[in-house]
Amino acid sequence: MISIQFPDGAVRQYETGITALGIARQISEGLARKVLAANVNGETWDATRPIHTDATLQLLTWNDDGGKQTFWHSSAHLLAEAVEQTFPGVKFWVGPSIEKGFYYDMDLGDRKITEEDLKNLEKKMNELARQSNPYLRKEISKAEAVDYFREKGDEYKLDLLSNLEDGSITFYTQGQFTDLCRGPHIPDTGFIKAIHLSGIAGAYWKGDEKNKMLTRVYGITFPQQKELDEYLVMMEEAKKRDHRKLGKELGIYTMNEDVGPGLILWMPNGTVIIEELEKLAKETETAAGYKRVVTPHIAKENLYLTSGHLPYYADSMFPPMQMDGETYYLKAMNCPHHHKIYDAEPRSYRDLPYRIAEYGTCYRYEQSGELFGLMRVRCLHMNDAHIYCSKEQFRDEFKAVNDMYLKYFKIFGIEKYVMRLSLHDPEKLGQKYINEPELWKETEELVRNVLIETGVPFVEVKGEGAFYGPKIDVQIWSAIGREFTLATNQVDFAQPRSFNLRFTNKSNEPEIPLIIHRAPLGTHERFIGFLLEHYAGKFPVWLAPVQVKVLPISDKYIDYAAGVEQLLRRAGIRVEIDDRQEKIGKKIRDTELMKIPYMLIVGEKEQQDGLVSVRRQGMGDVGSETLDVFTQRIRQEVENREG
RNA sequence: GCCGUUGUAGCUCAGUGGUAGAGCACUUCCUUGGUAAGGAAGAGGUCGUGAGUUCAAUUCUCAUCAACGGCUCCA
């Protein structure tokens, strides 16, 4: 007999060799039908694997992350079985579960999988699933495993095997398909009731672009058809919120082939948002003691040699221009220009912290395959600023920047975020990172301590620092689950040295300042892309390109409507009038679709009594009031940046 | 940059080896209508670009550009 301890602390005795599934069955048949895997002593196991020792046990179902992951991993095996039957001789690499579903990487030789094939593969997977084939686990010696895949001619699995220790190797077989796999798996394929293969893509073997490109098939499966249907509906909804779709529909931005890829043309509606964001940033920064500067878009080569951008990041800069025998570059960063402003006058400790801000325009030559709507572009407008301070001031300055982030998050209703402390990789000193091992250690420690002191939740990532120092990236998620690096907050100990920046300290000695690079609102491009998805295009009134639309019931009331429009415009409200010869229902519909926050409907009643009939986007008719009352209310809403 | 898919009217999309079609939007006319689509007529495209095959290419082939789905990258 063995003792099994359940998550609620209860301990029960079972026959040695009982399986998690067996235990579930003793509890209830219904539970047994739902068990996908089990957590045994902290390890995820097959529900069908015999337990021979005392253990803690948690049964995993679809409602547990571990259950889902197992389900999807088993689905990947099912996909592989279907692929092997359809494309004999295919070689497989790996097929893990991912956040939403699974994929399998494979080498199909000269053959290609088409969209048509996906449909057939889905069909075949469904057939195989209905056979309810068990996933059979087998421990196997390394030699046997090598023989198996050598015979199959699968060099990818042989490569996997070469990294595994004898004695730890298991095979899983379901139906006709056997795979090298650590497991665990669901009891049998019959659990998989709904299958959707979502795409084909290329993926480098081992994620290295020097390696061969394999074919990756993505899919997602569910234990019930209903859940797949819901998932597909959700995907459709997400598509509607895509910033590229909304950006076009709402006249926010456009792109043009003649202008070039990754170069955004901001239309009037988008420009309103830009100006509102800049207004917010300028207010906030001025209040926090920043001064504003303006710098040119280009500079001579030497500036970027000094800054270190050219030796490290020449590939990501636009190619140089020759002029008057000099070489010029478009700026990829604002910092070198700002450093020159710092350095334009002698600085004393009394001048510090010296904070300068600019909505700077930068140009980066992003690889063509990386361009993505507003999120990855080649010309960007950064909410940039640099803080030059002494070591003693660093903590307070860093914290103040942090507070600014939190203030913005509140305004925009951003609740889910994570700060990532990106550190250097000592092995890449001198290549990816400036070769100053001591300084790296020192500043990383400094930043980590500040983060701990200020109590901000963060994770550490090795090998993702900037070349001039550690950085903190702020990850946020848009409403459709897309992850962004919104903002960045970086420490720079390299450039103050390379630019030979100094200040005179209290002891009348030259001292090197520290620099904080920060961009809480990231770039206009990425931030507005995020906001579009975050708000689903329904901007709060203060950001809405058009805040009010005046809708006359008929031509007879256009004069009154025009008067309303005039008064609102004089009150600083962005207002338009819809004087088309359309019925009011049509005008309302079109205005709703444009997601304009307020509609003022005016007809005979309103004209007689000097009223407006107010309609709030998404809420319908909210009653009539005088124009004065309305104006006051909307102005307040704008001023407080509500929403 | 790499793999794959796509490119037809302002938008969404159909279609064909014999120089193109729908809905919405647009223009004009009728209608003057009270809270999410009134009616009619009209205008609009050298079918992404370049080359090849063909009597003939928007359609087939190749190249190229761009967008999209991924991979790699992202100071």
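Chain letters run A, B, ... following the sequence lines, proteins first and then strands; every chain starts at 1. Computed from heavy atoms alone, side chains included, the values below leave out hydrogens, waters and symmetry copies.
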Looking for any heavy atom pair under 4.0 Å, which part of the strands does [X] touch: base, sugar-phosphate only, or nothing?
{"X": "G603(A)", "value": "base"}
{"X": "I584(A)", "value": "sugar-phosphate"}
{"X": "Q495(A)", "value": "nothing"}

Could you give the [atom1]-to-[atom2] distance, from [X] to [N], as a whole number of Å?
{"X": "I601(A)", "N": "rA36(B)", "atom1": "CD1", "atom2": "C1'", "result": "10 Å"}
{"X": "K586(A)", "N": "rA37(B)", "atom1": "NZ", "atom2": "P", "result": "9 Å"}
{"X": "D105(A)", "N": "rC3(B)", "atom1": "CG", "atom2": "P", "result": "16 Å"}
{"X": "N256(A)", "N": "rG48(B)", "atom1": "CG", "atom2": "P", "result": "16 Å"}
{"X": "D590(A)", "N": "rG10(B)", "atom1": "CG", "atom2": "C1'", "result": "15 Å"}
{"X": "R580(A)", "N": "rU32(B)", "atom1": "CZ", "atom2": "P", "result": "18 Å"}
{"X": "K239(A)", "N": "rC11(B)", "atom1": "NZ", "atom2": "C1'", "result": "17 Å"}
{"X": "D578(A)", "N": "rA25(B)", "atom1": "CG", "atom2": "P", "result": "12 Å"}

(message) Rounded at 0.5 Å granularity, tell me how far CG in N302(A) sits from CG in L310(A).
(response) 9.5 Å
(message) Which is more 5' along RNA chain B, the nucleotide nearest K245(A) or the one nearest E582(A)? Just name the residue.
(response) K245(A)
Is it true that the side chains of [X] and [Y] contain a donor and an acceptor less than 3.5 Å apart?
{"X": "S422(A)", "Y": "E464(A)", "value": "no"}
{"X": "K100(A)", "Y": "S198(A)", "value": "no"}
{"X": "T488(A)", "Y": "Q490(A)", "value": "yes"}

(message) Pairs counted only when both distances fall under 3.5 Å, Watson-Crick or G-U: show me the 5' to 3' dot-bracket for RNA chain B, [ ] for pseudoknotted crossings and | for other-strand partners.
(response) (((((((..((((....[..)))).(((((.......))))).....(((((..]....))))))))))))....
(request) Would you indicate which nucleotide in rG38(B), rC11(B), rA37(B) comes nearest to any side-chain atom of K248(A)? (result)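 It is rC11(B).
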(message) Could you check whether the side chain of S613(A) and the base of rU35(B) have a donor-acceptor pair of N or O atoms closer than 3.5 Å, going by distance alone?
(response)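 Indeed, a donor on one side and an acceptor on the other fall under 3.5 Å apart.
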(message) Does this structure show an ion pair linking D159(A) with K206(A), if we count only N-O contacts that are shorter than 4.0 Å?
(response) yes
(message) One thing to verify: whether E236(A) and K239(A) come together as a salt bridge, which I'm taking to mean a side-chain N less than 4.0 angstrom from a carboxylate O.
(response)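 Looking at E236(A) together with K239(A), the answer is yes, because their closest N to O distance falls below 4.0 Å.
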[N] and [M]: how far apart are their [atom1] atoms, nearest whole angstrom?
{"N": "rC2(B)", "M": "rG45(B)", "atom1": "C1'", "answer": "35 Å"}
{"N": "rG10(B)", "M": "rC26(B)", "atom1": "P", "answer": "14 Å"}
{"N": "rG17(B)", "M": "rG1(B)", "atom1": "C1'", "answer": "37 Å"}
{"N": "rG21(B)", "M": "rG15(B)", "atom1": "P", "answer": "15 Å"}
{"N": "rC62(B)", "M": "rA57(B)", "atom1": "C1'", "answer": "14 Å"}
{"N": "rA14(B)", "M": "rG23(B)", "atom1": "C1'", "answer": "11 Å"}
{"N": "rG42(B)", "M": "rU35(B)", "atom1": "C1'", "answer": "31 Å"}
{"N": "rG48(B)", "M": "rA9(B)", "atom1": "C1'", "answer": "14 Å"}

(request) Examine R378(A) relative to Y365(A) and say whether NZ or CZ is less than 6.0 Å from the centre of the six-membered ring and inside a 45° cone about the ring axis. (result)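 Relative to the ring axis of Y365(A), which defines the angle, R378(A) lies inside both limits.
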(message) Would R616(A) and Y598(A) count as a cation-pi pair here, with the cationic atom under 6.0 angstrom from the ring centre and within 45° of the axis?
(response)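 Cation-pi check for R616(A) and Y598(A): passes.
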(request) For K240(A) and L246(A), work out which heavy atoms get closest and say how close. (result)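 Where K240(A) meets L246(A) most closely, the heavy atoms are O-CG, 3.6 Å.
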(request) Please name the pair of heavy atoms, one in H309(A) and one in C335(A), separated by the smallest distance, quoted to 0.1 Å. (result) CE1-SG, 3.9 Å
(request) Look at the rings of Y253(A) and W266(A) and say which category their plane angle falls in: under 30° parallel, 30 to 60° tilted, over 60° perpendicular. (result)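 Geometry flag for W266(A) against Y253(A): tilted rings.
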(request) Do nucleotides 62-75 of chain B as a string where each nucleotide becomes B, S or -: B if the base has a protein heavy atom under 4.0 Å, S if just the sugar-phosphate does, - if no protein is that close. (result) ---SSSSBBBBBBB
